[in-house]
Amino acid sequence: MTNLDIDYVLKRGVAEIIVEEEMRALLRSGKKLRLKEGFDPSFPDIHLGHMVALRKLRQFQELGHQIVLIVADWTAQIGDPSGMSVTRPMLTLEQVKANAQTYMQQFFKIVDKKKTEIRWQSEWFGKFTLTDIIQLTSKFTVAQFLARDDFSARYKAEKPIAITELLYPLLVAYDSVAIKADVEFGGTDQKFNFLVGRELQSMVGQPPQQCFMVPLLVGTDGSQKMSKSLGNYIGVAETPEQIYGKVMSVPDSLIINYFELLTDVPDEELEQFKKGLDNTTANPMTLKKRLAREIIAQLYDRKAAAEAEGHFERTVQRKEVPEKIALGTKSGKSLQDYLVENQLAKSKSEARRLIDQGGVYINDKREKDVNYIVQKDDIIRAGKRRYIKST
RNA sequence: GGAGGGGUGCCGGAGUGGUUAAUCGGAGCAGACUGUAAAUCUGCCGCCCAAAGGGCUACGUAGGUUCGAAUCCUACCCCCUCCA
């Protein structure tokens, strides 16, 4: 991540910059820029989708700029309208603090802590009065807000839009004013919010922020954007083995995209990868292994990446029994009961199905008898890769 | 205040008296195949009984009609849209 040049930072893995020319001018000016990044404490887990923007923050830090991380303890209560999620539970102060803690642990795996300033929304919204809110809301019209993609889509689809949701972009925009942001970072789904921030800043006489948007990363299912609620995510806090495995399970069609957004493998090399995949001279598996290593190396280190790879090769590719196997409960029960007892199956019916379908192995031999009595030190494998050893 | 629409399994969404544990899609799980935990194909996919098979619970909640209800009736709760 050395000799970063501005073109690379502004082009690689970037969806849109508003306004690119102003952005370049700012970078040339030599000013230390304040880069805004918000975080919703109801969702403290960071996944690779977030990592795309965080990597950009990191690059800007290396160019000498300042990150301002905003803990959105107020807007968390509203919920980002783009999520269309159910009404959120109100978080207690302790929960918010705990989540912030968790979040930052993950955040600083990618972003440099020393060049980050942390601010809480409550610093300014805590003092907000009704007058402030009326002033703020009077600056925009309903039509402007309904123009926003997901609002209009929901409106047309006769889906509900809470009034507080209209407030969300305003509050986020005000954050930009409060911290005097020069640039705001996020996914393309944040465009509207960013633009409101930009507009609000100029209304109050601040130079308007630049909007730096990265593409939304597609999740491991290969179709929808990566998100925790869809279950198609790879969390940055997961173990190297988990990350490695999940990266390998990403559809082959996403390989190049992931390299582009999540690694610094040079563009020229990616060009070769692409050619190789197109004319099938490159094996997608090999590329994904590289991809997995690159990602893990950023979140942990090269060594962890190599180890995760070893683990994958042994357990998945060569189907070897892993070195360390969790110990199960006492032997002497029927296999069916034993699976349930050790949570390898949720119910007896499920255990039966698993056995009937040939998904259970005892000491490497498929066991089809649900009444097999589990012996001491049996190594039981349920499904592809869940192992347990009886005691 | 008025009018209308709706609440079904993890999610989406069919079904409007029996043949419905409930079409279908997605997710998930398993198997086969594969240089990948990719793709593809096949199967499973409420719970319980060793099983052929059987039993129990389930379609917002509570009652009712009926030999039989997710489907009909009554009350209640909740959600959405439109008009004002």
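These numbers come from the heavy atoms of this one structure, side chains and all, not from hydrogens, waters or symmetry mates. So that the names make sense, note that chain A is the first sequence line, chain B the second, and so on, each numbered from 1.
Note: CZ (R314(A)) to P (A37(B)) measures 16 Å, nearest angstrom. Between the CD1 atom of I234(A) and the C1' atom of A37(B) there is a distance of 11 Å, rounded to whole Å. Between H311(A) atom NE2 and A37(B) atom C1' the separation is 12 Å, expressed in whole Å. We find that CG of L339(A) is positioned 14 Å from P of C47(B), with the value rounded to whole Å. Between the P atom of A38(B) and the OH atom of Y244(A) lies a distance of 14 Å, rounded to the nearest Å. Atom-to-atom, CG of L291(A) to P of A37(B) comes out at 16 Å; the value is rounded to the nearest Å. Put simply, CD1 on I296(A) is 16 Å from P on A37(B), counting in whole angstrom units. Regarding I355(A), its CD1 atom lies at a distance of 11 Å from the P atom of A51(B), rounded to whole Å.
When the C1' atom is compared between G4(B) and A70(B), the two are found 23 Å apart, to the nearest whole Å. If you take atom P in U81(B) and the same atom in U71(B), they sit 27 Å apart, rounded to whole Å. Of the C1' atoms belonging to C77(B) and A62(B), the separation is 10 Å, rounded to the nearest Å. Going from the C1' atom of G9(B) to that of G26(B) covers 14 Å, rounded to whole Å. Atom name C1', nucleotides U19(B) and A69(B): the rounded distance is 15 Å, in whole Å. C79(B) and U40(B) are spaced 41 Å apart, taking the P atom of each and rounding to whole Å. Distance noted for atom P between A14(B) and C48(B): 31 Å (whole Å). The separation of G12(B) from C80(B), taken at their P atoms, amounts to 15 Å, rounded to a whole angstrom.
Summarising the base pairing, A39(B) is matched to no nucleotide, lacking a Watson-Crick or G-U wobble pair whose two defining distances lie under 3.5 Å. When Watson-Crick and G-U wobble pairs are counted only if both distances are under 3.5 Å, U81(B) pairs with A3(B). Summarising the base pairing, U66(B) is matched to no nucleotide, lacking a Watson-Crick or G-U wobble pair whose two defining distances lie under 3.5 Å. Across all strands shown, the partner of C44(B) is G28(B), judged by Watson-Crick or G-U wobble contacts whose two distances both fall under 3.5 Å. When both distances must be under 3.5 Å, the Watson-Crick or G-U wobble mate of A58(B) does not exist. Nucleotide A21(B) is matched to nothing when pairs are restricted to Watson-Crick or G-U wobble geometry with both distances under 3.5 angstrom.
Using cut-offs of 30° and 60° on the angle between ring planes, the pair F60(A) and F185(A) is perpendicular. Using cut-offs of 30° and 60° for the angle between ring planes, the H47(A) and Y233(A) rings count as tilted.
Residue S349(A) is classed as a base contact, given a heavy-atom separation below 4.0 Å to a base.
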Would you check, one step at a time, whether the test side-chain contact (heavy atoms from CB on, under 4.5 Å) holds for V183(A) with H65(A)? CA-CA 10 Å; V183(A) 188; H65(A) 303 291; over 6 Å; no

Going through the checks in order, is the ring-ring contact (aromatic ring centres under 6.0 Å, His included) test met by F39(A) and F107(A)? CA-CA 10 Å; F39(A) 130 70; F107(A) 187 78; 8.1 Å; no

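The six-membered or imidazole ring of Y174(A) lies near that of F125(A), with a centre-to-centre distance under 6.0 Å.
One distance of note links OG of S390(A) with CG of N363(A); it measures 8.0 Å at 0.5 Å rounding.
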Once base and sugar-phosphate atoms are separated, protein heavy atoms under 4.0 Å mark nucleotides 27-36 of chain B, 5' to 3', with B, S and - as ---SSS-BBB

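Of the residues K113(A), K115(A), R119(A), the one that meets the salt bridge (charged side-chain N to carboxylate O under 4.0 Å, His left out) test with E117(A) is R119(A).
Using a 4.0 Å cut-off between charged side-chain N and carboxylate O, K11(A) and E20(A) make a salt bridge.
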